[in-house]
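One structure is given below, encoded as structure tokens.
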Amino acid sequence: QVQLVESGGGLVQAGGSLRLSCTASGRTFSSYAMGWFRQAPGKEREFVSAINWSGESTYYSESAEGRFTISRDNAKNTVILQMNNLKTEDTAVYYCAARGWILASMDPRQYEYWGQGTQVTVSS
């Protein structure tokens with residue numbers, strides 16, 4: 001079992017930055033690939049970014065590429081999503097997810113554990 005707790009969401013103006021953090025319980029964090037997904041009102045949950053177990057491989061959605069950076073610290077059981085140059089269309093609830101496999105996936109159905117989500121609101 002893995003429990004995930006996100007933090008770092010909030011209200012920011014367009015062009016600003018936010019740093020989302022996800023802390024996992026358990027002693028096998030390094031064996032999990034991690035992902036960030038988001039869901040805006042009335043829309044399906046969508047992939048944002050993912051990272052493999054070691055942090056050597058990272059993946060981004062087209063909208064996140066060049067603006068967001070994912071990283072992890074296995075010693076601290078933490079995965080970070082640094083979001084820069086935020087746009088109003090980035091407004092959503094952001095979820096951290098863990099996949100019981102070392103390789104990351106962009107498919108939310110591949111992730112077994114989910115956090116409660118953190119709200120990100122970008123104003124114009």
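These figures come from a predicted structure and were not determined experimentally. The chain is numbered in sequence order, starting from 1.
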For S123 and T88, what are the C-alpha separation, side-chain angles and deciding distance, and is it a side-chain contact (heavy atoms from CB on, under 4.5 Å)? CA-CA 6 Å; S123 64; T88 56; over 6 Å; no
I'd like to know if [Y] and [X] are part of one continuous hydrophobic network [Ile/Leu/Val/Met/Phe/Trp/Tyr, side-chain heavy atoms within less than 4.5 Å].
| X | Y | result |
| --- | --- | --- |
| Y111 | L4 | no |
| F29 | Y113 | yes |
| L18 | Y60 | yes |
| L86 | V93 | no |
| M34 | Y59 | no |

Got [X] and [Y] here, is their nearest side-chain heavy-atom distance under 4.5 Å?
| X | Y | result |
| --- | --- | --- |
| W101 | Q110 | no |
| N84 | T69 | no |
| S25 | N77 | no |

T118 side chain to G9 backbone, donor-acceptor under 3.5 Å: yes
Side-chain (N52) to main-chain (S57) donor-acceptor, under 3.5 angstrom: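 Judged by distance alone, yes, a pair lies under 3.5 Å.
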Between [atom1] on residue [X] and [atom2] on residue [Y], distance to nearest 0.5 Å:
| X | Y | atom1 | atom2 | result |
| --- | --- | --- | --- | --- |
| Q1 | E112 | CD | CD | 10.5 Å |
| R67 | S49 | CZ | OG | 12.0 Å |
| R72 | S54 | CZ | OG | 8.0 Å |
| I102 | S31 | CD1 | OG | 9.0 Å |
| F68 | I80 | CZ | CD1 | 14.0 Å |
| E56 | T58 | CD | OG1 | 10.5 Å |

Tell me, with the steps shown, if V122 and Q13 meet side-chain contact (heavy atoms from CB on, under 4.5 Å). CA-CA 5 Å; V122 184; Q13 287 190 326; over 6 Å; no
Are F37 and W114 close enough that their ring centres sit under 6.0 Å apart?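 Yes, they do, as the ring centres are separated by less than 6.0 Å.
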Counting only heavy atoms not in E89, do more than 12 sit closer than 6.0 Å to its CD atom?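 Result for CD/E89: enclosed.
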Does atom CD of Q119 have more than 12 heavy-atom neighbours, drawn from other residues, nucleotides or ligands, at distances under 6.0 Å? yes
Would S21 and T23 satisfy side-chain contact (heavy atoms from CB on, under 4.5 Å), going step by step from the backbone distance to the final call? CA-CA 7 Å; S21 179; T23 301; 4.2 Å; yes
If you apply the rule side-chain contact (heavy atoms from CB on, under 4.5 Å), what do you find for E46 with S61, and how did you get there? CA-CA 9 Å; E46 66 173 2; S61 66; over 6 Å; no
With V48 as partner, the option from I70, L81, D90 fulfilling side chain to side chain contact (heavy atoms under 4.5 Å, CB included) is L81
Six-ring centre of W53, R99 cation under 6.0 angstrom, axis tolerance 45°: no
Test the R38-Y95 pair against the cation-pi criterion, namely NZ or CZ under 6.0 angstrom from the six-membered ring centroid and within 45° of the ring axis. no
Residue pair A50 / A104: nearest heavy atoms and the distance that separates them: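 Smallest heavy-atom distance, with atoms named: CB-CB, 3.7 Å.
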On a heavy-atom basis, which atom in A40 and which in A92 lie closest, and how many Å separate them?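 Closest pair (atom of A40, atom of A92, distance): N-CB, 3.8 Å.
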